[in-house]
**Q** 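Have a look at this one before I ask anything.
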2 protein chains.
Amino acid sequence: MAPSLERKGEGEEAMAENRHVTLAAVAKAAGVAKSTASHVFTGKRVVAPETAERVRHAAAAMGYTGPSPLGRALASGRTHLIAVVTHALLEDPDTDPLSLAILDGLQREFAEAGYGTVLIPPITDESSRVLAHTVLYDGVVSVRRMVGFEETDPYLASRKVPWIALDGYMNEETAVYMDDAKATEELARRVIAAGHERIGIAAYTFAVEERPDGLTTFEELYASAPNNVKRRLDGFVRAGVEPVGVFRCGSVNRASGAAAAEALLGLEEPPTCILTVADVHAAGVIDHARRRGLRVPEDLSVTGFDAVSIAGLDGDEICSVTQDGVQKGRIVARRLLAMLAAEAVRREGGTPSPLGEPEELELPLRWGTTVATRE
Amino acid sequence: MAPSLERKGEGEEAMAENRHVTLAAVAKAAGVAKSTASHVFTGKRVVAPETAERVRHAAAAMGYTGPSPLGRALASGRTHLIAVVTHALLEDPDTDPLSLAILDGLQREFAEAGYGTVLIPPITDESSRVLAHTVLYDGVVSVRRMVGFEETDPYLASRKVPWIALDGYMNEETAVYMDDAKATEELARRVIAAGHERIGIAAYTFAVEERPDGLTTFEELYASAPNNVKRRLDGFVRAGVEPVGVFRCGSVNRASGAAAAEALLGLEEPPTCILTVADVHAAGVIDHARRRGLRVPEDLSVTGFDAVSIAGLDGDEICSVTQDGVQKGRIVARRLLAMLAAEAVRREGGTPSPLGEPEELELPLRWGTTVATRE
DNA sequence: CTGAAAGCGCTTACAG
DNA sequence: CTGAAAGCGCTTACAG
């Protein structure tokens, strides 16, 4: 029948009373005060060995596994739960291995610090709204929420707990320092050194802003780009790139990358290499090139960002910048944990020491197969 | 600095008092009893429109977003949290896309029912032990925990909440009905119809039992196999397979599949087709064949189970049985939710109606490219 | 080294 | 239609 029933009996002692054994009951059985029993389990104050033993014995006899997390949470004001608000993450793992790796890192780091990770979707309808208001947590990380944040964000803010929005958009940079510009500058320099003179750029702004895909000017693109994209563009500029064409991708997927390739190749002076700011876009560029019968990289070169593994590349490896998602998740988690600690100090009327600079995530280059050397 | 600070102000009204607004405070400000204020938010009893309006107004003025989940949880005894105990899941997503899909399904179904999903690792050391005892939840699903369950399982049992162990090992079958035998029978029949007469079988028992990889007899393998594997083997038998060799894989990974191929191909009468019970094993068989310079499927055919996408197959698609992980996760989640509902009835002294048969997961065949037709 | 008591923020019978 | 009160299971000053 129910698994829990099948296993019943295993850990129970003679007089097992089962239904909802409480600290109070254990304390009573052991002939001590609730506070003493509590301290036996939390270890926050010294208890005479003999007394402790009596309590532990009573607990074992009654099948008591330790203080109820719920009671502890209410009394201490700490749930030891971190909410991760995410939607796209699991929807299609193949398309977003980076987010998945980030979740992995978050979860591990939180677990090691004694925090559980609660997955909740952004608020998009009644059920997600109810859930958001129902879930308990001490802090939040929101990841890649391209959807629903009009309502989700104000709500998260209203809960007044530490919050890091990890979506490459608003304030990811307060949690982890990434020198995107340094990485893309190096990437672009190698492209130029390979002999490319006609270079195109494709970068994204968010679909949410309802800007369509389309050719644009560098200045216009830059002005509407999220901060991390801006930094990547900075690197191109620093390397001395003067693009023959610039495309704004309305969304972060392959189709949008393909659209970029189509538009840029249609220019009077088409680029020999397209610099993108995301591997999925680079993959889309490759998709389009193949459809047109163009060889990559001989006829068209392309670079990306993130160095994630993407399906259907047939052995091609995108020249890109490696972003270690697991490591990033861990760094972000540590930052949130630090914010939590600071908040705890503040609660007790103290003045927390400043958080200091965020940790830096290294962004090494991955030189793949998608950039050809031109004579 | 902290994101939550940056956003502050947005949703606040004039007299915002901020620090920990409680239901009691709102009730007082609105001049009503706590119970009335509570009912305005829960909707569990009718409140006069005018009164409700006063409460809502006071709440808005004080920046109160609704009853604290923590308070509600303690008072109601429901945390609206389901723990998912998992380790391998995120560790290496590429190697276990099925578990990932299952998690996706679980998470979605739970979210739609108003339950958050908490990720916690199995108990393997002090920090995971502390976490397990800290986390709040109303029910548990454990997934693919090949590790740490000696301590984890008894602990989960001791929490006495509904629990489904989804690891293809103990009681997955109480939660979802899968007719593995029907699927593998059909698969094996097609292999036989393709002209294969010398067939090998490779299946797994768990590494945890410390049985090494190795050739064995069908009876011996069957006796030590988990139930789901038994069912898959049943299908082979029903199709009339009389294996020329049987291999026990000590773990569920490619290396173990490769070991199976090596051993089976070393037999005096080597098989022309190896039936496995997992795609990763089939992939391992392919790995070994290639290393030996054998062509798949011409020189060696192979079948799998799960129909997950596996890297490095170079266009080969394993002949396999499709297991829709997301759907499976949803079915399992619904089962747990039903167990939860039954428990709630029991709590209030009622007698819950029986859960009935578990939902069935369809297991269609995927006929790929890894079985050759022999003359 | 231990106890009695207040309190964490709600919900829910029970009364009216 | 609404209120006063008990209680959910703990932790944590405060006393001794």
Side-chain angles (χ1 to χ4, degrees), chain A residues 17 19-55 59 62 64-80 133-138 159-161 344 347-349, chain B residues 17 19-55 59 62 64-80 133-138 159-161 344 347-349:
Chain A
E17 194 195 306
R19 290 235 60 74
H20 259 12
V21 191
T22 67
L23 219 214
V26 172
K28 193 171 171 190
V32 301
K34 270 171 19 184
S35 47
T36 299
S38 171
H39 287 118
V40 169
F41 293 103
T42 62
K44 290 197 181 170
R45 117 176 156 186
V46 185
V47 176
E50 194 258 331
T51 310
E53 196 37 58
R54 234 180 329 136
V55 172
M62 303 170 80
Y64 183 73
T65 346
S68 147
L70 205 48
R72 305 186 64 171
L74 221 217
S76 69
R78 279 260 174 265
T79 62
H80 284 270
H133 285 256
T134 300
V135 168
L136 317 101
Y137 54 83
D138 298 333
R159 295 260 308 233
K160 281 154 198 142
V161 298
R347 261 195 208 181
E348 290 168 8
Chain B
E17 194 197 305
R19 290 236 58 76
H20 260 12
V21 191
T22 67
L23 219 215
V26 171
K28 193 172 172 190
V32 301
K34 269 170 24 183
S35 46
T36 299
S38 171
H39 287 118
V40 168
F41 293 103
T42 63
K44 290 197 180 171
R45 117 176 156 187
V46 185
V47 176
E50 194 257 331
T51 310
E53 194 38 57
R54 237 183 323 140
V55 172
M62 303 169 82
Y64 183 74
T65 346
S68 148
L70 205 47
R72 304 186 65 173
L74 221 215
S76 69
R78 279 261 173 264
T79 61
H80 284 271
H133 285 256
T134 301
V135 168
L136 318 100
Y137 55 83
D138 298 334
R159 295 263 305 235
K160 283 154 196 143
V161 298
R347 261 196 206 180
E348 290 168 7

**Q** To the nearest angstrom, how far is A:K160 atom NZ from C:dG9 atom P?
**A**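 One finds 14 Å between P of C:dG9 and NZ of A:K160, rounded.
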
**Q** Can you check whether B:Y64 has a side-chain N or O nearer than 4.0 Å to OP1 or OP2 of C:dC10?
**A**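 Looking at the OP1 and OP2 atoms of C:dC10, one of them is under 4.0 Å from a side-chain N or O of B:Y64.
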
**Q** Can you name the nearest heavy-atom pair linking A:H39 to A:R45, along with the distance?
**A**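 Where A:H39 meets A:R45 most closely, the heavy atoms are ND1-NE, 3.2 Å.
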
**Q** Provide the closest heavy-atom pair for A:F41 versus A:A59 in the form atom of the first, atom of the second, distance.
**A**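 Nearest heavy atoms, A:F41 then A:A59: CZ-CB, 3.9 Å.
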
**Q** CZ of A:R54 versus P of C:dG3: gap in Å, rounded?
**A**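 Roughly 8 Å, once rounded to whole Å.
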
**Q** A:D138 and A:V161: which non-hydrogen atoms are nearest, and at how many Å?
**A**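 A:D138 and A:V161 have their closest heavy atoms at O-CB, 3.3 Å.
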
**Q** Looking at A:H80 and B:T134, what are the two nearest heavy atoms and their distance?
**A**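 Here A:H80 and B:T134 meet closest at CB-CG2, 3.4 Å.
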
**Q** Who pairs with A:A344 by side chain to side chain contact (heavy atoms under 4.5 Å, CB included), at least two apart in sequence or on another chain?
**A**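 Counting only residues at least two positions away or on another chain, A:A344 forms a side chain to side chain contact (heavy atoms under 4.5 Å, CB included) with A:R78.
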
**Q** Can you check side-chain contact (heavy atoms from CB on, under 4.5 Å) on B:M62 and B:V26, steps first, answer last?
**A** CA-CA 7 Å; B:M62 303 169 82; B:V26 171; 4.0 Å; yes

**Q** Give the intermediate values and the outcome of side-chain contact (heavy atoms from CB on, under 4.5 Å) for residues A:T22 and A:S68.
**A** CA-CA 8 Å; A:T22 67; A:S68 147; over 6 Å; no

**Q** Nearest-nucleotide wise, let me know which of A:T22 and B:A52 is further upstream toward the 5' end of DNA chain D.
**A**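 Per heavy-atom nearest nucleotide, the more 5' residue is B:A52.
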
**Q** Roughly how many Å is it from CG in B:L136 to C1' in C:dC8, rounded to a whole number?
**A**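 Spelled out: CG on B:L136 to C1' on C:dC8 is 14 Å.
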
**Q** Between atom CZ in B:R72 and atom P in D:dG9, what is the gap in whole Å?
**A**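 In whole Å, D:dG9 P lies 18 Å from B:R72 CZ.
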
**Q** Start with the C-alpha gap between B:R72 and A:L136, add the side-chain angles, then the distance that decides, and say whether side-chain contact (heavy atoms from CB on, under 4.5 Å) holds.
**A** CA-CA 10 Å; B:R72 304 186 65 173; A:L136 317 101; over 6 Å; no

**Q** Looking only at atom types and distance, does a side-chain atom of B:R54 sit under 3.5 Å from a main-chain N or O of B:A30, one as donor and one as acceptor?
**A**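 Flag set: sc B:R54 to bb B:A30 pair under 3.5 Å.
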
**Q** Of the nucleotides C:dC10, D:dT2, C:dA4, which one has an atom closest to the side chain of B:T51?
**A**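 The nucleotide sitting nearest to the side chain is D:dT2.
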
**Q** Dot-bracket notation for DNA chain D is requested: 5' to 3', Watson-Crick or G-U wobble pairs only, both distances under 3.5 Å, with ( ), [ ], | and . as defined.
**A** |||.||||||||.|||

**Q** Which nucleotide, C:dC10, D:dG3, C:dT2, lies nearest any side-chain atom of B:A33?
**A**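 Of all the options, the side chain of B:A33 is nearest to D:dG3.
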
**Q** Would you kindly give the NE2-to-P distance between B:H133 and D:dC10, to the nearest whole Å?
**A**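 For the pair B:H133 NE2 and D:dC10 P, the rounded distance is 14 Å.
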
**Q** Would you kindly give the CD-to-P distance between B:E53 and D:dT2, to the nearest whole Å?
**A**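 Rounded to the whole Å, the gap is 13 Å.
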
**Q** So B:L70, base contact, sugar-phosphate only, or nothing? Heavy-atom distance under 4.0 Å.
**A**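 B:L70: no heavy atom of the nucleic acid under 4.0 Å.
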
**Q** Quick check on DNA chain C: between A:V32 and B:L23, whose nearest nucleotide comes earlier from the 5' end?
**A**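 It is A:V32, whose closest nucleotide lies nearer the 5' terminus.
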
**Q** Please write out each protein N/O paired with an N/O of nucleotides 12-16 of chain C under 3.5 Å, distance rounded to 0.1 Å.
**A**
{"unit_1": "C:dT12", "atom_1": "OP1", "unit_2": "B:K44", "atom_2": "NZ", "d": "3.4"}
{"unit_1": "C:dT12", "atom_1": "OP2", "unit_2": "B:K44", "atom_2": "NZ", "d": "3.4"}

**Q** What is the distance, to the nearest angstrom, from the CG atom on B:L74 to the P atom on C:dG7?
**A**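 In whole Å, C:dG7 P and B:L74 CG are 17 Å from each other.
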
**Q** Can you check the A:H80 NE2 to D:dC10 P distance for me, whole Å?
**A**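 Rounded to whole Å, this separation is 15 Å.
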
